[in-house]
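For this chain, numbers begin at 1 and follow the sequence in order.
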Amino acid sequence: MYQGLSRILVIITASFALLACATGTQFEQKLQGEGAKRMNAEQVKTHLAGNTQKWINGGAYFFPDGTVFVKYAGKVYPKRTWTVDNDGKVCILLPDGYATSCSAYFDKDGKVWVVNLEIFGEVQQTDGGIDTVLEGNRLSEI
C-alpha cells in the first residue's frame, strides 16, 4: 500500500515540476515565435559586464570579474557573483552559491529583452521586457 502511495506522490510531484517548467518558458516561446534569438554566453557577458542593469525598484552593477553589487529598494547588498552558462542564462549567486535570480536574454529587432526565469528558487510566470542597461557603475543614480 505504501509503495503505491509513494508512486502516486512521485507522479504528482513530477507533474507539478513539469508544469512549472512549462509556464516559466511561455514568454520565452512567445519571444522566439516573434523572431527573437536567445543570446549566447559571450553576447550576454558583453551586454552586462561593466554596466548597470536598471530594475523597477533597483538594479545591479555587473563587474567584468564576475562579481556584482545589487541595490534594491534603496539598499545596497553585499557583493555577490554572477555566472553565465553555455546557454546564456545569467544567475546572481549569494556567497554560499545559492542563486537569488536567474534570467535569459534575447535579441529582438536589435533590442535586448530579459526574461526572469526564477527568483529565490521560484519559477517566474511573469513576462519579460526590454532590458535597461546603463554604461558603467550607475547604482548611485538608481
Side-chain angles (χ1 to χ4, degrees), residues 2-3 5-142:
Y2 291 112
Q3 210 173 21
L5 184 58
S6 293
R7 284 185 190 158
I8 291 171
L9 289 174
V10 167
I11 291 169
I12 290 171
T13 302
S15 298
F16 280 116
L18 289 173
L19 178 61
C21 290
T23 57
T25 63
Q26 286 177 351
F27 192 70
E28 290 180 84
Q29 292 170 353
K30 179 183 175 204
L31 277 175
Q32 290 173 332
E34 295 171 353
K37 303 284 184 212
R38 187 162 178 165
M39 295 169 63
N40 65 36
E42 286 307 311
Q43 292 169 318
V44 172
K45 287 177 189 175
T46 299
H47 175 67
L48 293 175
N51 293 317
T52 302
Q53 185 178 55
K54 187 175 178 183
W55 307 330
I56 292 172
N57 291 321
Y61 174 68
F62 294 84
F63 288 86
D65 70 357
T67 56
V68 61
F69 273 124
V70 172
K71 182 177 182 180
Y72 188 76
K75 180 179 176 184
V76 177
Y77 290 86
K79 197 180 278 190
R80 300 168 181 203
T81 59
W82 63 288
T83 62
V84 183
D85 72 9
N86 292 335
D87 294 327
K89 180 171 114 176
V90 174
C91 292
I92 296 177
L93 309 172
L94 293 173
D96 66 2
Y98 181 76
T100 60
S101 64
C102 295
S103 305
Y105 292 80
F106 295 84
D107 183 331
K108 180 181 172 197
D109 300 326
K111 295 187 179 182
V112 176
W113 287 66
V114 61
V115 177
N116 291 324
L117 302 174
E118 61 183 72
I119 297 177
F120 288 106
E122 297 291 323
V123 173
Q124 297 300 294
Q125 298 180 27
T126 59
D127 293 346
I130 294 175
D131 194 25
T132 303
V133 173
L134 309 171
E135 285 189 35
N137 186 347
R138 309 269 293 276
L139 279 182
S140 63
E141 300 171 24
I142 295 175

Atom pair CH2/OG1 of Trp55 and Thr132 - distance to nearest 0.5 Å: 12.5 Å
Heavy-atom closest pair, residues Asp87 and Arg38: O-NE, 3.2 Å
Minimum heavy-atom distance between Cys91 and Ala99, given as atom pair plus value: CB-CB, 4.4 Å
Check: Leu117 and Lys89 side chains under 4.5 Å, non-hydrogen atoms: yes
Qualifying residue for side chain to side chain contact (heavy atoms under 4.5 Å, CB included) with Val133, from Val114, Asn51, Val112, Thr52: Asn51
Heavy-atom side-chain contact between Phe69 and Tyr77 under 4.5 Å: no
From Glu118 atom CD to Thr100 atom OG1, the distance as rounded to the nearest 0.5 Å: 9.5 Å
Under 3.5 Å: donor-acceptor pair, side chain of Asn86, backbone of Gly88: no
Phe106 side, atom CZ; Glu28 side, atom CD - distance, nearest 0.5 Å: 4.0 Å
Separation between CD1 of Ile92 and OG of Ser103, rounded to the nearest 0.5 Å: 7.0 Å
Side-chain heavy-atom pair Asp131, Trp113 within 4.5 angstrom cut-off: no
Donor-acceptor under 3.5 Å (Tyr98 side chain, Phe120 main chain): yes
Whether Trp82 and Phe62 hold their rings parallel, tilted or perpendicular, with breakpoints at 30° and 60°: perpendicular
Sub-4.5 Å side-chain heavy-atom contact between Val68 and Thr81: no
Spacing of CE belonging to Met39 relative to NZ belonging to Lys37, to within rounding of 0.5 Å: 14.0 Å
Under 3.5 Å donor-acceptor, Lys71 side chain and Ile142 backbone: yes
Test item: side-chain donor near acceptor, Gln43 and Asp107, under 3.5 Å: no
Any donor-acceptor N/O pair, Asn40 side chain to Glu42 backbone, under 3.5 Å: yes
Side-chain ion pair, Glu141 and Lys54, N-O less than 4.0 Å: no
Heavy-atom side-chain contact between Tyr105 and His47 under 4.5 Å: yes
Side chain proximity check, Arg80 to Leu93, heavy atoms < 4.5 angstrom: no
Ile56 atom CD1, neighbour heavy-atom count above 12 within 6.0 Å: no
